[in-house]
Peer 1: 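Please read through the structure below; I'll follow up with questions.
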Amino acid sequence: MNNKKFLAAVVGLGLVTLSACGSSSDDSKSSGSKSVTLVSHDSWAVSKKVLADFEKKSGYQVKVLEDGDAGQAVNKAILTKDNPQGDVFFGVDNTLLSRALDNGLFQSYEAKGADRIKAGYRVDGDKVTPIDTGDICVNYDKAYFTEHKLQPPTSYDDLIEPAYKNLLVTENASTSSPGLGFLLGSAAKYGDDGWEGYWKKLKANGVKVVDGWEQAYNEEFSGSAGGKKAKADRPLVVSYASSPPAEVIYADPKPTTAPTGVAQGTCFRQIEYAGLLSNAANAEGGKALLDFLLTKEFQQDMPLNMFVYPVVNGAQVPAEFTQYGPQAKDPETMDPAKIADNRDDWVKSWTSLVLK
């Protein structure tokens with residue numbers, strides 16, 4: 001989840017930005033080995049102290065170039081791979097990984113600490129390093145379902161029941177990472193021959209589709225702080241399992257319980273990776289930065305900055321995550337190779353089926 005946009009919606013502040021944002025690989029070249037550039041989607045965030053500690057210990061100044069949502073950032077990185085904008089790319093997830101690898105976006109490097117990555121998140125080869133994980137799930141507005149004396153949905157099957165007609169908003173699978181994740185989750189659940197039939201029923205049951213997560217969550221979903229201000233009328237939204245703790249953490253005053261919940265039977269496991277860009281201007285600095293992303297200090301800093309879970313053994317998560325946003329016990333998953341073989345065709349079929 002884009003924590004910066006979430007924070008802006010909740011507390012009414014301008015977007016939080018890093019002072020180093022907006023630089024490019026030219027900075028790395030001009031500054032020599034003392035500057036290393038990270039290219040990422042817009043959801044990158046890190047505590048100033050944690051980043052300062054790395055810079056002090058390594059001697060490298062980190063510059064960050066945020067480049068839109070994940071799909072946009074990956075596509076641009078591929079187009080500029082011969083003269084990359086930076087040294088390390090962070091934020092390609094398992095739904096887009098094959099596209100990056102097939103286009104030679106990364107060069108080989110096994111980050112220090114890779115042996116501490118939990119077995120379920122490791123990948124073959126050394127072109128990318130798993131950094132974080134999260135679950136894309138349907139969130140529900142607790143107040144709505146209490147007021148209407150209706151049980152919130154708990155599964156994909158529930159979402160096509162008449163009781164939930166015109167209640168769900170999701171993101172466009174061709175333009176949004178959570179939207180694509182929800183599509184892949186339905187494909188994993190119902191199989192190659194069943195997912196289209198499911199979406200026909202979901203469309204008939206009044207699902208609303210918008211371009212991206214910010215619009216869906218902060219403008220259409222009645223359970224979010226932003227949605228309440230916008231007088232949103234959809235009590236179900238495709239978001240993340242970590243969205244409820246965010247609603248608590250950034251509320252003022254903080255509620256005793258999260259105002260939103262997660263339909264645990266609608267989750268799809270998302271994993272984000274980072275890699276050393278091919279033709280990186282400062283490969284050594286890039287390697288040091290990748291090592292840093294696997295340190296316990298950074299891994300434990302991620303949850304309250306990017307609302308994702310660490311992937312290394314021994315890294316702790318905040319109590320708010322355990323209380324309000326535990327990981328899904330049995331999320332849908334899909335082999336990256338299967339995603340690679342079917343993603344484009346599925347998105348094309350989904351677009352024709354749902355948007356036309």
Side-chain angles (χ1 to χ4, degrees), residues 2 20-29 35-44 62-111 121 123-133 136 171-181 183-184 211-213 270-287 289-290 293 306 308 334-348 350-351:
N2 191 324
C21 291
S23 60
S24 70
S25 59
D26 289 338
D27 298 309
S28 293
K29 294 174 182 176
S35 178
V36 59
T37 300
L38 176 78
V39 182
S40 175
H41 52 55
D42 286 344
S43 296
W44 162 267
V62 178
K63 298 185 181 296
V64 179
L65 175 62
E66 296 180 351
D67 219 354
D69 64 29
Q72 177 184 333
V74 170
N75 289 337
K76 188 169 182 179
I78 291 171
L79 291 173
T80 59
K81 67 178 181 178
D82 293 333
N83 184 27
Q85 297 175 292
D87 305 300
V88 170
F89 185 94
F90 165 81
V92 58
D93 66 21
N94 49 317
T95 69
L96 299 168
L97 180 59
S98 63
R99 182 180 297 170
L101 296 178
D102 290 346
N103 282 277
L105 186 58
F106 303 110
Q107 59 180 291
S108 295
Y109 177 65
E110 183 175 7
Y121 303 126
V123 292
D124 294 332
D126 58 1
K127 291 295 181 69
V128 292
T129 302
I131 303 299
D132 66 71
T133 185
I136 295 170
E171 301 85 359
N172 189 326
S174 66
T175 59
S176 165
S177 180
L180 177 57
L183 166 59
L184 294 177
D211 286 340
W213 176 86
Q270 185 181 43
I271 305 168
E272 284 192 305
Y273 307 88
L276 184 63
L277 286 165
S278 297
N279 302 306
N282 185 0
E284 291 306 309
K287 292 175 182 178
L289 184 54
L290 283 170
L293 297 182
M306 293 190 282
V308 290
M334 187 176 291
D335 188 290
K338 185 174 179 65
I339 296 175
D341 291 340
N342 295 280
R343 179 188 55 238
D344 293 344
D345 288 339
W346 282 344
V347 170
K348 183 177 180 181
W350 179 91
T351 301

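Since the structure is predicted, the reported quantities are computational estimates derived from the model, not experimental observations. Side chains included, hydrogens not; waters and symmetry mates left out as well; all remaining heavy atoms used.
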Peer 1: Atom NZ of residue position K338 - does it have more than 12 heavy atoms of other residues, nucleotides or ligands inside 6.0 Å?
Peer 2: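 For K338, atom NZ is crowded (more than 12 foreign heavy atoms under 6.0 Å).
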Peer 1: When rounded to the nearest 0.5 angstrom, what is the spacing between CD in Q107 and CG in D126?
Peer 2: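 Reported value, rounded in 0.5 Å steps: 10.0 Å.
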Peer 1: Between P130 and V128, what is the shortest heavy-atom contact and its length?
Peer 2: CD-O, 4.1 Å
Peer 1: Take L293 and Y273 through the side-chain contact (heavy atoms from CB on, under 4.5 Å) test and state the conclusion after the steps.
Peer 2: CA-CA 10 Å; L293 297 182; Y273 307 88; over 6 Å; no
Peer 1: Compare all side-chain heavy atoms of V88 with those of L277 and state whether any distance is below 4.5 angstrom.
Peer 2: no
Peer 1: How close do S177 and Q270 get, heavy atom to heavy atom, and via which atoms?
Peer 2: OG-NE2, 2.7 Å
Peer 1: With side chains defined as the heavy atoms from C-beta onward, is the minimum distance between R343 and R99 less than 4.5 Å?
Peer 2: yes
Peer 1: Heavy atoms only: give me the nearest S174-V347 pair and the separation to one decimal.
Peer 2: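 Closest approach of S174 to V347, heavy atoms only: CB-CG1, 3.6 Å.
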Peer 1: If every non-hydrogen atom of L105 is compared with every non-hydrogen atom of I78, which pair is closest and at what distance?
Peer 2: CD1-N, 3.9 Å
Peer 1: Return the NZ to CD distance between K76 and Q85, rounded to the nearest 0.5 Å.
Peer 2: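 Rounded to the nearest 0.5 Å, the NZ-CD separation comes to 4.5 Å.
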Peer 1: Quick check against the 3.5 Å criterion: does K81 have a side-chain atom that pairs as donor or acceptor with the backbone of N103?
Peer 2: yes
Peer 1: For E110, look at atom CD and say whether over 12 heavy atoms of other residues, nucleotides or ligands are found less than 6.0 Å away.
Peer 2: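 No, because the 6.0 Å sphere around CD of E110 holds 12 heavy atoms or fewer from other groups.
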Peer 1: Please answer whether the main-chain N or O of E171 pairs with a side-chain N or O of S176 as donor and acceptor at a distance below 3.5 Å.
Peer 2: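 No, S176 side chain to E171 backbone: no donor-acceptor pair under 3.5 Å.
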Peer 1: Mind checking whether M334 and N342 have side chains closer than 4.5 Å, heavy atoms only?
Peer 2: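 No, side chains not in contact.
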Peer 1: Verify, without hydrogens or angle tests, whether D93 (side chain) and L96 (backbone) share a donor-acceptor contact under 3.5 angstrom.
Peer 2: yes
Peer 1: Using side-chain heavy atoms (C-beta onward) and a distance below 4.5 Å, is L276 in contact with K287?
Peer 2: yes
Peer 1: Do any N or O atoms from the side chain of D87 and from the backbone of V36 form a donor-acceptor pair under 3.5 angstrom?
Peer 2: no
Peer 1: For the residue pair I339 and L184, establish whether any side-chain heavy-atom pair is separated by less than 4.5 Å.
Peer 2: yes
Peer 1: Which pairs, with at least one residue in residues 70-89 and sequence neighbours excluded, count as a ring-ring contact (aromatic ring centres under 6.0 Å, His included)?
Peer 2: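 The answer is none; no pair qualifies.
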Peer 1: Considering all heavy atoms of both residues, which atom of S278 and which atom of G104 are nearest to each other, and what is their separation?
Peer 2: OG-O, 3.0 Å
Peer 1: Check side-chain contact (heavy atoms from CB on, under 4.5 Å) between T129 and all other residues, then give those that pass, not counting sequence neighbours.
Peer 2: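 If we apply the side-chain contact (heavy atoms from CB on, under 4.5 Å) test to T129, skipping adjacent residues, the hits are A111, I117, I131, L294.
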Peer 1: Check whether any side-chain N or O of T95 sits under 3.5 Å from a backbone N or O of G181 as a donor-acceptor pair, and report yes or no.
Peer 2: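 Side chain of T95 to backbone of G181: no pair is present.
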Peer 1: How long is the span from the CG atom in L97 to the CD1 atom in I271, to the nearest 0.5 Å?
Peer 2: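 These two atoms lie 9.5 Å from each other.
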Peer 1: To the nearest 0.5 Å, what is the distance between CH2 (W213) and CG (D42)?
Peer 2: 12.0 Å
Peer 1: Just to verify, what does F90 make a ring-ring contact (aromatic ring centres under 6.0 Å, His included) with, not counting sequence neighbours?
Peer 2: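 Residues passing ring-ring contact (aromatic ring centres under 6.0 Å, His included) with F90: H41, W44.
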Peer 1: Which pair of heavy atoms, one from D82 and one from N279, lies closest together, and at what distance?
Peer 2: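 Looking at all heavy atoms of both residues, the shortest contact is CA-ND2, 3.7 Å.
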